[in-house]
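Some notes on the structure that comes next.
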Amino acid sequence: MTASPQSRPGLPESITTACEVSLIWLSLTATDDECQQLAAFLAAEEQERAGRRLPDVRRRAVVSRGRLRQLLGRLLALPPQAVPLATNPHGKPVLSGRHADAIAFNLSHSGDEGLIAVTRQGPVGIDLEISKPTQDAAWARLMAKTIFAAAELARWQTLPEHQTAAAVLDAWVAKEAVFKAAGTGIGDRLRQCLLPRELPRAGLLHDGAPGCCGLVPVELPSAGSASRQRFGLTLLDLGCGRHAALACQAASVTLTVRSFAAAVREGLS
């Protein structure tokens, strides 16, 4: 991972210099017995919500939420079923009660893979998308108009055709990560989140030593108000058609990547 200075020019002074974030790889595959055990960790409303989905989606929902509860339980020294999970008004999972400010976390999954970001230093957003064969240049032309503001679209249109789909996916996960860090719904606001011309890209190794990555500043207009929320943003280089991004309120981030099994077994320290 490329080292970076402690601050970056133009970064709003209202966000912190640096924060520490753990990224946990998560598999959404599970045996029937594992799935049944994980389902027992869920609260009644979580089980009911999963039950409304199609079978494959339901299974992933149960596994992702159950394993999230296992991880948070390990970090809070609680049984998974006792983790006080709630949702904010926009549907973002958060901790409640006396643990509300203990840990900030965010989960994203695509296909059978997931990624959880955890920090004790303010809000965090993570997004993961595994590219599909159908996400080609024609798909990118349709999606670009829904994702990019006018200036961004003009820059995107100068790219060679073979780069357009990847650029759309990078922009998609970057903007999603910012909105998820903000804890607000996206709605039709993607084009209000303006990305810089160049985004950093952090290369990550599983269960490796911590590495420092510089973030670029992004401002997000607050819904229904003149104020703006400020975040630092980076893409994550995960290889093999994976597109991911991380957002937090900092100028740089120290990232540690763990497997789910290692994080549950050893914690994050």
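When a residue number appears, it is its place in the shown sequence, counting from 1. Only this structure's heavy atoms are used, side chains among them; waters, hydrogens and symmetry mates stay out.
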Please report the closest heavy-atom contact between [X] and [Y], naming both atoms and the distance.
{"X": "Leu28", "Y": "Ser64", "answer": "CD2-CB, 3.7 Å"}
{"X": "Cys35", "Y": "Ala30", "answer": "N-CB, 4.3 Å"}
{"X": "Gly183", "Y": "Lys92", "answer": "CA-CD, 3.7 Å"}

ask   = Mind checking whether Val178 and Leu107 sit in one hydrophobic cluster, side chains of I, L, V, M, F, W, Y counted as touching below 4.5 Å?
value = no

inquiry  = Side-chain heavy atoms nearer than 4.5 Å, only ILVMFWY residues, links allowed to pass through others: does that put Leu115 and Val57 together?
reply    =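 No, Leu115 does not connect to Val57 through the hydrophobic network.
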
Measure the shortest side-chain to side-chain distance between [X] and [Y] over non-hydrogen atoms and say whether it is less than 4.5 angstrom.
{"X": "Gln135", "Y": "His243", "value": "no"}
{"X": "Trp156", "Y": "Val168", "value": "yes"}
{"X": "Ser27", "Y": "Asp112", "value": "no"}

Determine yes or no for a side-chain-to-main-chain donor-acceptor pair under 3.5 angstrom, with [X] supplying the side chain and [Y] the backbone.
{"X": "Ser259", "Y": "Trp25", "result": "no"}
{"X": "Gln192", "Y": "Arg189", "result": "no"}
{"X": "Gln81", "Y": "Ala40", "result": "no"}
{"X": "Lys180", "Y": "Asn106", "result": "no"}
{"X": "Arg201", "Y": "Leu235", "result": "no"}

message = Could you measure the distance from the CZ atom of Arg59 to the CG atom of Asp32? Nearest 0.5 Å is fine.
response = 5.0 Å

Leu76 CG to Arg69 CZ distance, which is reported to the nearest 0.5 Å =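 Reported to 0.5 Å precision, the distance equals 11.0 Å.
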
ask   = Would one find more than 12 heavy atoms of other residues, nucleotides or ligands at under 6.0 Å from atom CD of Glu48?
value =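 More than 12 heavy atoms, drawn from other residues, nucleotides or ligands, come within 6.0 Å of this atom.
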
task = Would you indicate whether Gln36, at its atom CD, is surrounded by more than 12 heavy atoms from other residues, nucleotides or ligands within a distance under 6.0 Å?
result =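 Atom CD in Gln36 is not crowded, with 12 or fewer foreign heavy atoms closer than 6.0 Å.
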
ask   = Do the charged groups of Glu45 and Arg49 touch, with an N to O distance under 4.0 Å?
value =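 A salt bridge is absent here (no side-chain N lies under 4.0 Å from a carboxylate O).
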
